[in-house]
Amino acid sequence: MDYLPFYGKSQNHPRAIMQLSTRNFTIRLLDDGALQFSLANGQSYTQEPSAYPIENRREEDGAIAYDLRVGTLLVHGRITIQTDQEFMLELSGEGALTEPLAYPPPWRPHSGDTAIIPYYEGLAIPVEDATALKYFPDNGALTFHPQLGFFALLNDGLCLGTAMENAADALLSFSRNAEGLVVQRAVWQSVKGQFAYARRLRYLVHGTLSAAARRYRRLREEQGGFVVTLKEKLRRTPEVAKLLGAADVWIWDDNNMNRLYARPESSEITPRDSRRVADEMLARGMSRILWNAFEGEAPEDCRALKEKGFLVGKYDIYRDVLPKPLVDVAIPYRRDRSVNTRHWPGIVRIDEKGNYVTAWQISGKDGTMYDQHAVCEICALRLTMENVPPDVERVGYTSRLIDVQAGSAPQECYAPLHPATRSDSLRYINAQNRFLADIGLVVGVEVGQEACVRDFHYSEGLMSIGYYRAEESGRRMCTQYYGSEIPRQFTEAMLNPAIRLPLWELIYHDCAVSYWYWGDSSNSAPELMPLRDLFDALYGQPPLYSLNMTQWDRLKEEIACSYHRATKVAALTATAAMSSFEWLTADRMVQRTVFANGVSVVVNFSQRPYEAGERTVAPQSALVQTPAETFII
């Protein structure tokens with residue numbers, strides 16, 4: 001590694017002050033606080049100008065060092081080269097951070113680039129085509145806590161990836177720059193008002209996204225506390241074996257939604273009969289099932305389901321608590337479900353201003369929606385240890401789904417008896433999931449994020465990109481859409497192969513099972529089930545079905561067909577890492593994934609046949625090749 005002072009000037013560009021070089025690339029600090037990256041072959045990227053004044057530029061032990069003025073806080077920047085494919089930016093400081101720090105600036109993309117965004121499974125958005133971003137707020141801008149601490153710019157022959165060493169207090173912001181191109185940047189939050197610790201970004205220079213993702217995985221393995229495979233989890237919790245390749249099924253009572261939202265209940269319903277449905281599934285070859293229930297099962301039904309070989313799970317939540325002042329206002333169904341109200345307000349998260357943090361709204365008897373309060377993660381662990389074991393002993397469950405916590409942005413708590421930083425909150429969420437696994441339960445979470453993936457076994461919602469779901473999908477678990485009722489975002493975005501990406505799978509496929517969301521289930525638009533099945537095959541993940549008894553009786557044949565299409569690759573690859581992903585055609589309508597155990601999947605989402613070597617892949621079908629066989633889905 002060489003340190004080379006650089007004083008080149010240009011009339012139309014900022015002046016480069018310093019540079020570091022390897023045989024592969026050069027990184028320069030410009031006088032406007034931006035970085036400039038150049039490959040030996042001439043490819044280059046330059047960041048937007050810094051919003052913060054840059055001063056005291058210097059060389060320190062072969063590194064570029066400088067200071068940023070962030071209000072009254074002095075932040076020290078340090079750029080070092082790690083290898084001929086990596087360089088790192090470290091930001092350190094001591095003192096108050098009074099507002100989020102949006103530094104470094106985003107890389108300025110080129111025409112034809114693709115922004116790789118770690119939102120849910122992942123998005124691959126052409127920087128010039130923000131059509132799919134219209135479903136996001138603020139005209140396609142979003143600042144969010146990412147599922148992964150990795151994002152990238154991609155073009156032919158170059159993937160410039162950015163890896164956040166610690167994303168607990170990080171946000172990712174994507175928007176459009178002055179030229180209308182999609183840009184991304186890291187945003188650093190304080191730790192209870194303080195800068196607290198060094199923030200590090202490692203830049204990964206690779207030829208493909210798959211190579212950059214593999215390197216990111218190795219970094220997380222080296223860092224520790226992230227990568228725990230399903231094979232390892234199986235040794236702790238043997239019931240996980242039944243999860244591999246299993247369809248996730250929610251069978252609701254016909255009046256469940258009416259009870260939840262204080263609507264009149266119908267007497268003309270199909271009675272919920274879990275054993276009948278299970279027998280009908282088995283008769284159709286649906287043998288690997290994660291059977292989930294919102295209201296829970298009777299002990300005798302749970303026992304019968306387990307005897308059929310099913311995993312039997314129950315919904316649970318520790319983020320929301322009904323405040324005691326609302327006990328007489330809330331509808332009885334909601335009041336009776338809030339078993340932790342007896343601990344209010346001692347378990348409630350308190351914000352920096354001393355206020356109770358609000359949570360999911362529920363229906364009142366007067367038709368008004370009322371805020372619940374959010375439970376601190378420290379308290380949630382204690383409640384889990386109190387509530388779950390007696391319920392499991394009484395009923396016999398083998399799985400538990402914990403809603404909200406592991407998929408939402410970590411939060412601070414300012415309660416004097418249970419104060420927590422965001423990192424503390426994540427630590428207690430992991431302890432909660434690990435406790436459930438240690439008592440023998442298969443652990444599910446909503447959506448999921450990499451800070452928690454070491455301790456859960458499956459997630460619901462990661463396959464369903466948040467802003468592409470149907471309206472109010474969190475309250476419409478059984479709503480089905482047909483024909484012109486199908487939301488436009490399903491076909492334009494949610495199921496648009498050109499913008500979806502199995503980024504999460506490239507890093508954590510062999511660590512957890514990923515499902516769709518219950519309000520965005522495989523059967524939410526029945527005529528689109530075959531298309532969702534193709535995504536499941538490509539990603540190596542099984543389907544999720546959410547429907548009431550009447551809907552089951554109407555759709556069971558179609559669901560059985562979907563099950564056999566969608567679970568085959570999931571069963572073959574559940575414990576195998578995803579080695580690579582690539583687009584095989586310029587329009588991205590033909591895609592291929594390859595898994596570490598030798599399974600490859602080519603999916604043709606187009607309306608034209610695709611020639612894959614000696615095989616033809618028909619439109620809307622998948623070619624699966626394994627070391628032992630080849631078949632079409």
**OP:** Test salt bridge (charged side-chain N to carboxylate O under 4.0 Å, His left out) on Glu90 and Arg78 and set out the steps.
**Re:** CA-CA 5 Å; Glu90 178 179 296; Arg78 182 178 174 86; 5.8 Å; no

Original post:
Under the ring-ring contact (aromatic ring centres under 6.0 Å, His included) criterion, do His509 and Tyr539 qualify, and how do the steps go?
Top reply: CA-CA 8 Å; His509 180 269; Tyr539 289 26; 9.2 Å; no

Original post:
Would you call Asp520 and Arg469 a salt bridge, taking side-chain N to carboxylate O under 4.0 Å as the test?
Top reply: no

**OP:** Run the salt-bridge test on Glu60 and Arg58 with the 4.0 Å N-O cut-off and return the result as yes or no.
**Re:** yes

**OP:** Determine, step by step, whether Tyr203 and Trp107 satisfy the ring-ring contact (aromatic ring centres under 6.0 Å, His included) criterion, reporting the C-alpha distance in whole Å, the side-chain angles of both residues, the deciding distance to 0.1 Å, and the verdict.
**Re:** CA-CA 12 Å; Tyr203 295 93; Trp107 295 108; 5.7 Å; yes

Subject >> Presence of salt bridge, Asp455 and Arg427, under 4.0 angstrom >> reply: no

Original post:
Is there a donor-acceptor pair closer than 3.5 Å between any side-chain N or O of Glu505 and the backbone N or O of Pro502?
Top reply: no

Original post:
If you look at every heavy atom in Gly112 and Glu128, which pair is closest and at what distance?
Top reply: N-OE1, 3.0 Å

**OP:** May I ask you to test the Pro109-Asn177 pair for a side-chain heavy-atom distance under 4.5 Å?
**Re:** yes

Subject >> side chain to side chain donor-acceptor pair (under 3.5 Å) between Gln189 and Arg422, intermediate numbers included >> reply: CA-CA 10 Å; Gln189 301 178 93; Arg422 295 182 190 89; 3.2 Å; yes

Original post:
Are Phe150 and Tyr216 close enough that their ring centres sit under 6.0 Å apart?
Top reply: yes

Original post:
Is the closest side-chain heavy-atom distance between Leu154 and Asp113 below 4.5 Å?
Top reply: no

Original post:
Quick one: does Thr626's side chain have a donor or acceptor within less than 3.5 Å of a partner on Val599's backbone?
Top reply: no

**OP:** Assess the pair Tyr508 and Phe226: is the distance between their ring centroids shorter than 6.0 Å?
**Re:** no

Original post:
Is Arg199 positioned over the aromatic face of Phe195, cation under 6.0 angstrom from the ring centre and no more than 45 degrees off axis?
Top reply: yes

Original post:
Do the side chain of Thr208 and the main chain of Ala211 share a donor and acceptor less than 3.5 angstrom apart?
Top reply: yes

**OP:** Answer yes when Glu222 and Arg215 have at least one side-chain N-carboxylate O distance shorter than 4.0 Å, and no when they do not.
**Re:** yes

**OP:** State whether Glu412 and Lys192 are salt-bridged, where the test is any N-O pair (Lys NZ or Arg NE/NH1/NH2 against Asp/Glu carboxylate O) under 4.0 Å.
**Re:** no

Original post:
Looking only at atom types and distance, does a side-chain atom of Ser425 sit under 3.5 Å from a main-chain N or O of Gln411, one as donor and one as acceptor?
Top reply: yes

Original post:
Donor-acceptor pair, Ser459 side chain versus Leu462 backbone, under 3.5 Å?
Top reply: no

Subject >> Student check: side-chain heavy atoms of Leu503 and Leu209 closer than 4.5 Å >> reply: yes

Subject >> Close side-chain approach of Arg236 to Arg434, heavy-atom, < 4.5 Å >> reply: yes

Subject >> Partner of Arg220 under side chain to side chain contact (heavy atoms under 4.5 Å, CB included), chosen from Val453, Val227, Ile507 >> reply: Val227

Original post:
Looking at side-chain heavy atoms only, is the closest gap between Val445 and Asn433 below 4.5 Å?
Top reply: yes

Subject >> Contact check, side chains of Ile27 and Met88, non-hydrogen atoms, under 4.5 Å >> reply: no

Original post:
Does the Asn597 side chain pair with the main chain of Leu572, one donor and one acceptor, at a distance under 3.5 Å?
Top reply: yes

Original post:
Under a 4.5 Å cut-off applied to non-hydrogen side-chain atoms, are Thr114 and Asn155 in contact?
Top reply: no

**OP:** Check whether any side-chain N or O of Thr26 sits under 3.5 Å from a backbone N or O of Ser38 as a donor-acceptor pair, and report yes or no.
**Re:** no

Original post:
Under 3.5 Å, is there a donor-acceptor pair linking the side chains of Thr22 and Asn24?
Top reply: no

**OP:** Mark yes or no: Arg202 above the aromatic ring of Phe87, with NZ or CZ under 6.0 Å from the six-membered ring centre and no more than 45 degrees from the axis.
**Re:** no

Subject >> Separation of Leu74 CG from Asn56 CG (nearest 0.5 Å) >> reply: 8.0 Å

**OP:** Inspect the contact between Arg218 and Glu221 and indicate whether a charged nitrogen and a carboxylate oxygen are less than 4.0 angstrom apart.
**Re:** no

**OP:** Would you check if the side chain of His145 reaches a backbone N or O of Ala170 as a donor-acceptor pair within less than 3.5 Å?
**Re:** yes

Original post:
Between Phe151 and Phe174, does the ring centre distance come in under 6.0 Å?
Top reply: no

Original post:
Relative to Phe456, does Lys233 satisfy both conditions: NZ or CZ under 6.0 angstrom from the six-membered ring centre, and within 45 degrees of the ring's axis?
Top reply: yes

Original post:
Would Thr80 and Gln82 count as having a side-chain donor-acceptor pair, cut-off 3.5 Å?
Top reply: yes

**OP:** Look only at the side chain of Arg214 and the backbone of Ser579, and say whether a donor-acceptor pair between them is shorter than 3.5 Å.
**Re:** yes

Original post:
Between Phe144 and Tyr119, is the gap from one ring center to the other below 6.0 Å?
Top reply: yes

Original post:
Above 12 or not: heavy atoms from other molecules or residues under 6.0 Å from CG of Asp587?
Top reply: yes

Original post:
So, are Arg185 and Glu48 salt-bridged, with charged N and O less than 4.0 Å apart?
Top reply: no

**OP:** Kindly determine whether Arg15 and Leu30 satisfy side chain to side chain contact (heavy atoms under 4.5 Å, CB included), including the steps that lead there.
**Re:** CA-CA 6 Å; Arg15 185 167 60 96; Leu30 306 184; over 6 Å; no

Subject >> Any donor-acceptor N or O pair under 3.5 Å, side chains Trp516, Asp248 >> reply: no

**OP:** Answer yes or no for Arg500 and Phe535: cation-pi contact, defined as NZ/CZ to six-membered ring centre under 6.0 Å and angle to ring axis within 45°.
**Re:** yes

**OP:** Evaluate the ring-ring contact (aromatic ring centres under 6.0 Å, His included) criterion for residues Phe37 and Phe25: first the C-alpha distance (whole Å), next the side-chain angles of each, then the deciding distance (0.1 Å), finally the verdict.
**Re:** CA-CA 7 Å; Phe37 161 81; Phe25 67 83; 5.7 Å; yes

Subject >> Over 12 foreign heavy atoms within 6.0 Å of NZ, Lys134 >> reply: yes

Original post:
Do Gln147 and Glu450 come within less than 4.5 Å of each other through their side chains, counting heavy atoms only?
Top reply: no

Original post:
Yes or no on side chain to side chain contact (heavy atoms under 4.5 Å, CB included) for Ile54 and Leu68, after CA distance, side-chain angles and deciding distance?
Top reply: CA-CA 5 Å; Ile54 303 294; Leu68 300 171; 2.7 Å; yes

Original post:
Checking Trp188 side chain against Tyr103 main chain: does a donor-acceptor pair fall under 3.5 Å?
Top reply: yes

